2 protein chains.
Amino acid sequence: MSQTASIKDVATHAQVAVGTVSNVLNYPDRVSQRTKERVLKSIAELGFVRNDAARQLRAGQSRTIGLIVLDVGNPFFSSVARAAEDAAAALGSVVLVGDSGQDSSREAHYMDLFQEQRVQGLLISPVGDVSGRIDTLRERGVPTVLVDELADTDRCSSVSVDDQEGGYLAAKHLLDTGRRRLAFVGTPSIRQVASRLKGAQRAVGEVTGASIEVLDSAGQTVLAGRQVGNKLVERSPEKRPEAVFCSNDLLALGVMQSLTMLRTVRIPEDIALIGYDDIDFAISAVVPLSSIRQPTEALGRTAIELLAEEQESGGTKHRAVVFTPELVVRQSTAGA
Amino acid sequence: MSQTASIKDVATHAQVAVGTVSNVLNYPDRVSQRTKERVLKSIAELGFVRNDAARQLRAGQSRTIGLIVLDVGNPFFSSVARAAEDAAAALGSVVLVGDSGQDSSREAHYMDLFQEQRVQGLLISPVGDVSGRIDTLRERGVPTVLVDELADTDRCSSVSVDDQEGGYLAAKHLLDTGRRRLAFVGTPSIRQVASRLKGAQRAVGEVTGASIEVLDSAGQTVLAGRQVGNKLVERSPEKRPEAVFCSNDLLALGVMQSLTMLRTVRIPEDIALIGYDDIDFAISAVVPLSSIRQPTEALGRTAIELLAEEQESGGTKHRAVVFTPELVVRQSTAGA
DNA sequence: ACTCGTCTTTGAATCGTTTCATTTGTTACG
DNA sequence: CGTAACAAATGAAACGATTCAAAGACGAGT
């Protein structure tokens, strides 16, 4: 029946003032045991549920945090989101997730939406350059934290992963296990990929007699990896690299398929292989794939922490936290 | 500066009444060109953003729809969510996604949250039995649509996929291509898996001389599939099935790894293989994997449509829409 | 009996929007 | 010139919660 009972209905039913009902809900200690029981009973009987819109209106702020990611289907982002949700829950807040799908109009749409919702703050993996919009948000009192993107600390905080270090770790591992002629597979036109390559080149530069060739792939997919892998198989054995570092796991899995398909190349004996991201499939590949793992839980958790810091400082103090990725060694790079 | 300008500030700045500003926003036709321009200019200058809490409070309902899924990381659900978001956007609504992670306390948490938000309606893939809670919601005017679960149409609407038909399609395809001794790999303790098996058995029953053996797997992962695959390889060739139907693609990929690893078995010549779900990896497997595709876009879109129907009928009319999955033929089941 | 302090309860004011009955302004027509 | 018809603008009331100054209740101490 009751479309929805209001606090006033509860007050009438329990024969108390509206303020008392509110106190039962928000400051139970201020209310005597007797009346508290009576009010709670009325709440149960009427099926009262707090109207969050009214509460927010009065409070001037919501208990909500907006998160805009490039792709919820991507395990990296869904993991970050999950961690952020948990961290926010501990603070009594809720995370609303928006998926921009790499589309800046969708991104703008969610930014507007979250502003109308008066979110406490915004976590965002920006599609393009959003520094202007972020300045506007800050002026309006909405702190923002960039996710997976390094921020200018004059403007806002950020959490990101050191891609160059990840590339360094991968290449160093290959070198440490005795390989000297390396190959890098990926699309360096993407910023993150370029950093990973740069790190790899740094590691190679530290070892005399080591070299790395760059094989540009057509995309970041399994199929693109397979194409590159086929080219490698066609080469005469002495021209093949001793180790291949792929800028993501999908590429690596594609390369692995090509190399193992014809049985002429053994992994890791003839060619070692390492990927990036440590997706679920990496461990269950034909040859379990070594990879670089990004600390997604820490990213999500820290993003929420930085947001809290921003709120406390009134949006004046910014911090850029950079995480170091982690090397995960599996069979595909086992000792030469 | 402006923490946030209200409609009253805009009215003062533009020298009009608050009602006029509201009309500019909601009924532009009621306002003369001249004042409209003046008001819009003030809105821009003050950086006014509508406060959604106040709007909702007045309206008594939000423009928000709640969606609770079992796992956002699962491509099935992220695809359904995406489709629902798009369909809702066309109606001017927004979808809030909650991830229960198969945990009924998290599920309950989101149900409470969405109720406080006064969502227009709820789409849910329930963890356990939620019929009681759904009854309560209906009484309170929150229509609910079950997703990926068949509903009792006396209580609420639902969108689901006919798993038995999916199993039938898969087995029939294997039979149509000449295979007679089939095997089913999966964990029939899961409801959906049991239905798929039942459908497969129905198809086998229609063909004389055909048989299907059930291989219970330890889970639904690639590794579980590999274990089953290894057992198959150990058998003498004449005892191996001619075709294997796995209750999901991960299992199928695991089986594929085992079978192709030792090169004693060829896919599809010696053993045909088909999975279920048609995940992205299916097409880029070593041997592209045939599979059963679930119409996730249609599920999401229809869920929103049914919700709209519920709203129009005041929550009295319920409908259960069951979709038929689709067979996707690839190389792994190519003609014998 | 009176005062003081503590604990509990009260209820009006407030948040920012939308709505709608009224008022004000303008044009057309007899 | 009067008035009917219509368009545009007004501003108070309402939505449902929280807050807070003030009032009320009660017991202890003198």
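Keep in mind the model is a prediction, meaning the values are calculated, not measured. Residue numbers begin at 1 in each chain, while the letters A, B, ... track the order of the sequences. Values reported hereafter were calculated over all heavy atoms of this structure, with side chains retained and with hydrogens, waters and symmetry mates removed.
- Checking C/dT17, D/dT19, D/dT18 against the side-chain heavy atoms of B/Phe48 singles out C/dT17 as nearest.
- OP1 or OP2 of C/dT9 has at least one side-chain nitrogen or oxygen of A/Thr35 nearer than 4.0 Å.
- With 3.5 Å as the limit, one finds a donor-acceptor pair spanning the side chains of B/Ser93 and B/Gln120.
- Closest non-hydrogen pair, B/Leu57 versus A/Asn51, comes out as CD1-ND2, 4.4 Å.
- Interatomic distance, OG1 of B/Thr64 versus CZ of B/Phe114, reported as 9.0 Å (0.5 Å rounding).
- Across all strands shown, A/Asp52 has no heavy atoms under 4.0 Å from either base or sugar-phosphate atoms.
- Rounded to an integer number of Å, the gap from CD of B/Gln61 to P of C/dT19 is 13 Å.
- Within a 6.0 Å radius of CD in B/Gln15, no more than 12 heavy atoms belonging to other residues, nucleotides or ligands are found.
- Counting to the nearest Å, the P atom of C/dG16 and the CD1 atom of B/Ile43 are 16 Å from each other.
- For the residue pair B/Glu107 and B/Val127, the shortest heavy atom distance occurs at OE2-N, 2.7 Å.
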Tabulate atom names and distances for all N/O pairs under 3.5 angstrom spanning the protein and nucleotides 11-15 of chain C.
{"residue": "C/dT14", "atom": "O2", "partner": "A/Arg58", "partner atom": "NH1", "Å": "3.0"}

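- Contact annotation: B/Ser32 side-chain N/O to D/dA9 OP1/OP2 distance is under 4.0 Å.
- One atom, CG of A/Asn26, and another, P of D/dG16, lie 17 Å apart when rounded to the nearest Å.
- Computed from coordinates, the A/Leu46 CG to D/dA17 C1' distance equals 16 Å when rounded to whole Å.
- Across every non-hydrogen atom of B/Arg118 and A/Val49, the tightest pair is NH2-O, 2.7 Å.
- Considering only side-chain N and O atoms, A/Tyr27 lies nowhere under 4.0 angstrom from the phosphate OP1 or OP2 of C/dT8.
- Among the protein residues, B/Ser6 comes within range of the sugar-phosphate backbone only, with heavy atoms under 4.0 Å from sugar or phosphate atoms but none that close to a base.
- Distance CG (B/Leu25) to C1' (C/dT19): 14 Å, rounded to an integer number of Å.
- Distance A/Gln15 CD to C/dT9 C1': 14 Å, rounded to the nearest Å.
- As rounded to whole Å, 16 Å separates atom P of C/dG16 from atom CZ of B/Arg55.
- One finds the OG atom of B/Ser157 at 11.0 Å from the CG atom of B/Asp152 (value rounded to the nearest 0.5 Å).
- Between A/Arg34 and B/Val21, the residue anchored closer to the 5' end of DNA chain C is A/Arg34, taking for each the nucleotide with the nearest heavy atom.
- Spacing between atom CD1 of B/Ile7 and atom P of C/dT19 amounts to 11 Å, rounded to whole angstrom units.
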